[in-house]
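To start, the structure under review is shown below, and the notes come after it.
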Amino acid sequence: MKSKMVLLLPAILGLLWVAPAVAGDHVEAAEEYKTDSETGLIKAPGFDTVKNNCTVCHSARLFTSRGYTRKIWLEQIRWMQDTQGLWEFSPEVEEEILDYLETFYPPS
Ligand code: HEC
């Protein structure tokens, strides 16, 4: 009897430990990443590109405080390119920026 208890206890403890980890699978993607203390941007794939291109004229907080669809993010970029002196991006860089913004700063 005593030896069964010895086996059962770690099993129960193991279950308690695993359960929250499984439930946690559904957390927002953004919660798995750290936030850059300098810019406030989420440190996820694309972070460096966004930091280098999007925090030059204004702080990242200007745009991380809102969320947009990919289409609207692109419209914002085009507007800055047309009127605010934002430079052109290569298609690859633009993809990376839009992927990042769409994923981590969607409409709330
Ligand atoms: C060449 C300068 C420049 C760069 C680089 C730049 N922006 Fe801007 N952006 C501006 C200016 C100027 C404004 C208008 C600021 C204001 O209204 O006070 C602006 C406004 C915005 C707005 C609108 C904010 C609002 O009030 O609705 C968003 C969103 C935005 N920028 C996102 C970005 C993103 C994302 C990047 C990187 C791809 C970027 N910006 C890079 C100049 C720039």
Side-chain angles (χ1 to χ4, degrees):
M1 185 62 199
K2 199 174 177 211
S3 66
K4 253 189 192 165
M5 205 49 205
V6 168
L7 285 174
L8 210 62
L9 204 66
I12 292 171
L13 287 175
L15 214 68
L16 287 174
W17 183 73
V18 164
V22 172
D25 269 359
H26 298 284
V27 293
E28 294 281 291
E31 289 175 28
E32 295 163 25
Y33 296 101
K34 290 190 164 52
T35 301
D36 178 43
S37 59
E38 191 190 332
T39 58
L41 287 169
I42 294 165
K43 285 183 143 175
F47 160 73
D48 288 311
T49 305
V50 170
K51 182 179 177 179
N52 291 337
N53 288 286
C54 305
T55 63
V56 180
C57 305
H58 49 66
S59 97
R61 287 176 177 83
L62 180 78
F63 59 87
T64 55
S65 57
R66 49 205 88 200
Y68 297 122
T69 60
R70 187 184 189 90
K71 184 169 172 280
I72 304 292
W73 279 118
L74 181 59
E75 284 174 18
Q76 301 282 329
I77 289 174
R78 290 288 178 267
W79 171 78
M80 283 178 285
Q81 287 171 333
D82 290 344
T83 64
Q84 308 299 325
L86 176 59
W87 43 89
E88 300 285 321
F89 301 117
S90 69
E92 296 76 32
V93 168
E94 196 163 272
E95 276 287 301
E96 200 183 351
I97 291 172
L98 288 172
D99 285 347
Y100 174 91
L101 291 171
E102 176 185 40
T103 306
F104 299 105
Y105 299 98
S108 47

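Just so you know, ligand 1 is whichever comes first in the structure, and atom 1 is the first atom listed for that ligand.
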Apply the test salt bridge (Lys or Arg N to Asp or Glu O under 4.0 Å) to residues Lys43 and Glu32: give CA-CA distance (whole Å), side-chain angles for both, the deciding distance (0.1 Å), then the verdict. CA-CA 10 Å; Lys43 285 183 143 175; Glu32 295 163 25; over 6 Å; no

With side-chain contact (heavy atoms from CB on, under 4.5 Å) as the criterion, how do Lys34 and Ile42 come out once you've worked through the C-alpha distance, each side chain's angles and the decisive distance to 0.1 Å? CA-CA 6 Å; Lys34 290 190 164 52; Ile42 294 165; over 6 Å; no

Could you please spell out the steps behind the side-chain contact (heavy atoms from CB on, under 4.5 Å) verdict for Tyr68 and Leu101? CA-CA 8 Å; Tyr68 297 122; Leu101 291 171; over 6 Å; no

Begin with the C-alpha distance, continue with both residues' side-chain angles, and end with the deciding distance and a verdict on side-chain contact (heavy atoms from CB on, under 4.5 Å) for Trp87 and Val56. CA-CA 11 Å; Trp87 43 89; Val56 180; 4.0 Å; yes

What verdict does the side-chain contact (heavy atoms from CB on, under 4.5 Å) test give for Thr55 and Leu41, after you've listed the backbone C-alpha separation in whole Å, the side-chain angles of each residue and the deciding distance to 0.1 Å? CA-CA 10 Å; Thr55 63; Leu41 287 169; 4.2 Å; yes

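For atom 26 (O) of ligand 1, the choice among His58, Arg66, Glu94 with the nearest heavy atom turns out to be Arg66. For the residues Thr83, Leu62, Leu74, the heavy atom positioned nearest atom 24 (C) of ligand 1 is part of Leu62.
Atoms of ligand 1 found under 4.0 Å from any heavy atom of Gly85 (numbered from 1 in listed order, with element): 1 (C). Of all the atoms in ligand 1, the ones that sit under 4.0 Å from a non-hydrogen atom of Leu101 are 35 (C).
Nearest non-hydrogen protein atom to atom 30 (C) of ligand 1 is Met80 CE, 3.3 Å. Among all non-hydrogen protein atoms, the one lying nearest atom 37 (C) of ligand 1 is Cys54 SG, 1.8 Å. Annotation: atom 1 (C) of ligand 1 to nearest protein heavy atom, Cys57 SG, 2.7 Å. Taking atom 14 (C) of ligand 1 as the reference point, the nearest protein heavy-atom neighbour is Trp79 CH2, 3.8 Å. Atom 12 (C) of ligand 1 has as its closest protein heavy atom Gln84 OE1, 3.1 Å. Scanning all protein heavy atoms for the shortest distance to atom 41 (C) of ligand 1 gives Asn53 O, 3.5 Å.
Less than 4.0 angstrom separates atom 16 (C) of ligand 1 from none of the non-hydrogen atoms of the protein.
Under 4.0 angstrom from ligand 1, the non-hydrogen atoms of Gln76 all belong to its side chain.
In summary, Arg70 and Glu75 do not engage in a salt bridge, as defined by a charged side-chain N under 4.0 Å from a carboxylate O. Ionic pairing of Arg78 and Glu94 is present here: one or more N-O contacts between side-chain nitrogen and carboxylate oxygen are shorter than 4.0 angstrom.
The aromatic rings of Tyr100 and Tyr105 lie tilted to each other, with the angle between the two planes from 30° to 60°.
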